[in-house]
Amino acid sequence: MKTIIAIIFTISFTSLSFGQDTAIDSTRRTATIQHKIVGKQVQFSPNAPTLNQIAGAPKAFYTNYWEFGDGTYSKENNPTKTYKKTGEYEVRLWATNNYDTGKPPTTRPKKIRIDNADNTHQDQASMDNAIDLQRNREPMPEEEIVVIFKYKNTKDYTTNGKLFLFYNETKYSDANFKITDTRTHNGETPIENDNLVYTSKPENKAYYASAETKSLRTYITPQDSTEKQNLPLTLADAKANYKNSSQLSFSNMQPNEERNVFYTLKTTPEMLKDTSAIISVRGVYIPDDNYDNHNVKDMEMEIVTSHDPNKMSSNATYLNYRLVRFKKPKFKIRFQNNGEGPANTIRLETDIPDMFDKTSIKVLDMYPKVKICPKYEVEYSCLDTTYTKKQAIFTFKNIYLPGSEQKNVKEYDSTKGFVKYQIKFGKDFHKQKTKSRTAIIFDKNDPIITNYSTTRFLPGISIGAKAGYNMFTDLDNSKSYFVGATVSPYKSYKWYWQVELLNSLHNYDGQSNFTNTFIPETATGFAYWERKTTNTTFENIDWEIPVLARYNVNNYIGLGAGLQGMFSISEKNETTTTRAYYEDQEGTLAVPNIEPTTTTSSEKNSFTNFRTGFLVEATAGFARIGPSIGARYVFNFKENYNYMQFYAIWKF
């Protein structure tokens, strides 16, 4: 009986341990869908759990995103829908908790039956361009978002074409998303391959490539919805910048028809956790299979850990310091008016780290869309930019931004705004992390402080060439020259690690030894002394492997300390033994008729004499990159092997 119980327990435990990818959150909140049919209209409303207010934040609230099961959607909290056909539809709801401490609630899809449809109803046109990408909320680690791929037939004839959604940027080592569901409502079908066939004649300078081509130059440029040429280059560029894609084909699309494809993207556990980072997805819309004309749209998203509409983010979270001199990092400040009335003035007081040149700020985009203010006072709506010693201040003047608690405001996106700007680096800046945030002031209300937006530099690799002389004061006739290489982070600001491999040629003399031996009277008829003298010389090829922590005091002086291992990869020692004969022990008188004798022997060994030690050093010159000279003292833990090292080094 005990054996049976043990087997059952083992099977149960194994099922619990390996039957699930992730643990289920048993306390996860849920929201439900409620609907009411009034004539030919369906009124929807959410039944959401109570919000848990973040202390000190504006009043918590929900924003809702709905899919009605027929290819349409709404971002209204309580939408009204008119269906064109009778039948059964699966309605979905995603509720997002703003300024709330918990996770977004989950909602199960709800099937509803429509018996009283209106086949004359026409949904209001919503697209000004041929392609658009939207999302229901910002991505949060281990949560899901919905990406809406909107496309429109702007031709005057019926078309068949393709849709590409690219995601998971190659600049991040781990995948940020995986597509868990694709919802199509107009017969879109997956593409097995993306071989390109079309009839338009290419220009001489066009680049063509198959789906497998990876040698094209990667162009990282802002993408918009304007019509483009050279489809192969666009796809090759997208594949160079994104790891994954979804590919669909569509057919029989009528002129001016608008369609939507809905993707559910689940963020992965490995998702980038930097909440000031901007990540993106890219859509490519090919309206007609017969031609290479196409449209491209990038959608940028900010990673969040809680849904706070007031946020600062940047595409410069990780930068290559070698290539950064002429780059212009971009920053984006998002805000939302959560008041009961409209805001007429919005002031954004933004920290500008010292490494950036405030006067180089260029506003790239904004909402509300306004003109840049002139230097004199005006009555129309505009955006003004002023500077203090540490800040740039963006001020929206004479605007109308409705509040989320304002009566008759149905679309919460209309209560949001942003400023997107780029900025150059200053003339002299160091490789150090920066932090900046924004104080958002609506009219005369108290400031709302955003998160910190950080800028970090990738470590990079600096290879150094090093050569010098080792001076062993405790060894006789020592000569030691070395060459080697160093590896360290590129142009580090203060503290950093450095690893070296040094190859030295070392010659020195060992200690001389002599012994006196008394030889009694022999056949020669007299007694004498034999003196035996032994001299050893060493010719070594040594490898030194120092690992040290270094500190740059300034641009010209550096200090370091660390540990070192050293061994001889080749050791040759030659021993010379001389025997001389004397009448007395002091060697004052040679013995006649007995000549001195000399013998020589040699020995070779490999990988011997492993020695360890502690080192300290100082350098002067160009401490971060370029040439410098230095002096190092090594305290070997083996007796009589301390030495001083003088060297020159050039870091690249």
Side-chain angles (χ1 to χ4, degrees), residues 171-174 272-274 277 316-325 353-355 425 428-435 454-470 480 482-504 542-567 569 607 610-638 641-652:
K171 66 181 179 180
Y172 301 118
S173 58
D174 294 319
L272 186 69
K273 301 301 190 296
D274 190 338
T317 51
Y318 291 96
L319 296 168
N320 186 328
Y321 196 71
R322 286 183 185 271
L323 308 175
V324 79
R325 169 62 66 180
D354 291 337
M355 71 166 57
F425 287 94
D428 185 22
F429 61 94
H430 295 299
K431 186 180 179 182
Q432 59 185 135
K433 175 181 175 181
T434 68
K435 297 170 64 177
T454 58
T455 297
R456 302 178 181 88
F457 292 101
L458 297 172
I461 297 296
S462 177
I463 304 297
K466 185 176 181 180
Y469 179 78
N470 294 324
S480 177
F482 70 89
V483 294
T486 68
V487 177
S488 58
Y490 177 74
K491 210 170 183 180
S492 291
Y493 178 53
K494 290 292 186 181
W495 286 102
Y496 65 94
W497 291 96
Q498 182 168 295
V499 180
E500 303 176 5
L501 176 60
L502 308 178
N503 185 83
S504 64
D542 295 332
W543 276 7
E544 303 170 50
I545 307 177
V547 178
L548 59 156
R550 302 203 78 249
Y551 179 78
N552 291 330
V553 178
N554 51 40
N555 288 335
Y556 308 103
I557 303 297
L559 303 174
L563 298 175
Q564 173 176 289
M566 181 179 183
F567 60 92
I569 62 169
F607 298 97
F610 180 71
R611 298 173 286 269
T612 57
F614 175 75
L615 63 89
V616 292
E617 70 171 19
T619 57
F622 295 92
R624 297 186 170 90
I625 202 74
S628 59
I629 58 174
R632 172 184 296 177
Y633 193 80
V634 180
F635 301 89
N636 265 292
F637 300 142
K638 183 175 181 178
Y641 220 77
N642 298 341
Y643 63 95
M644 192 77 180
Q645 185 180 92
F646 300 96
Y647 62 87
I649 183 174
W650 194 310
K651 292 184 179 180
F652 301 93

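In this chain, numbering begins with 1 at the start of the sequence shown.
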Is the closest side-chain heavy-atom distance between [X] and [Y] below 4.5 Å?
X: F429; Y: Y321; result: yes
X: H430; Y: N555; result: yes
X: I461; Y: V487; result: yes
X: T454; Y: K433; result: yes
X: L563; Y: V547; result: no
X: F646; Y: I629; result: no
X: P353; Y: T455; result: no
X: L502; Y: Q645; result: yes

Nearest 0.5 angstrom please: S492 OG to Y551 OH, how far?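 So the OG of S492 and the OH of Y551 are separated by 12.5 Å.
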
Heavy-atom count check: over 12 atoms from other residues, nucleotides or ligands less than 6.0 Å from [X] [atom1]?
X: F622; atom1: CZ; answer: no
X: F635; atom1: CZ; answer: yes
X: N320; atom1: CG; answer: yes

Closer than 3.5 angstrom, by distance alone: can the side chain of N503 be matched with the main-chain N or O of W543 as a donor-acceptor pair? no

Run the side chain to side chain contact (heavy atoms under 4.5 Å, CB included) check on K431 and R624 step by step: do they pass? CA-CA 10 Å; K431 186 180 179 182; R624 297 186 170 90; over 6 Å; no

Between K466 and E544, does any side-chain N to carboxylate O distance fall below 4.0 Å?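 No salt bridge links K466 with E544.
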
Centre-to-centre under 6.0 Å for Y496 and Y490, is that the case here? no

Within the 3.5 Å criterion, strictly below it, is a donor on R550 or T619 matched to an acceptor on the partner's side chain? yes

Show the nearest heavy-atom pair for residues S504 and F482, with the distance to one decimal.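 Between these two residues, the closest heavy atoms are CB-CB, 3.6 Å.
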
Which atom pair, heavy atoms only, marks the closest approach of F637 to F614? CZ-N, 4.1 Å

What pairs meet the salt bridge (charged side-chain N to carboxylate O under 4.0 Å, His left out) rule with one or both residues in residues 484-499, with sequence neighbours excluded? none

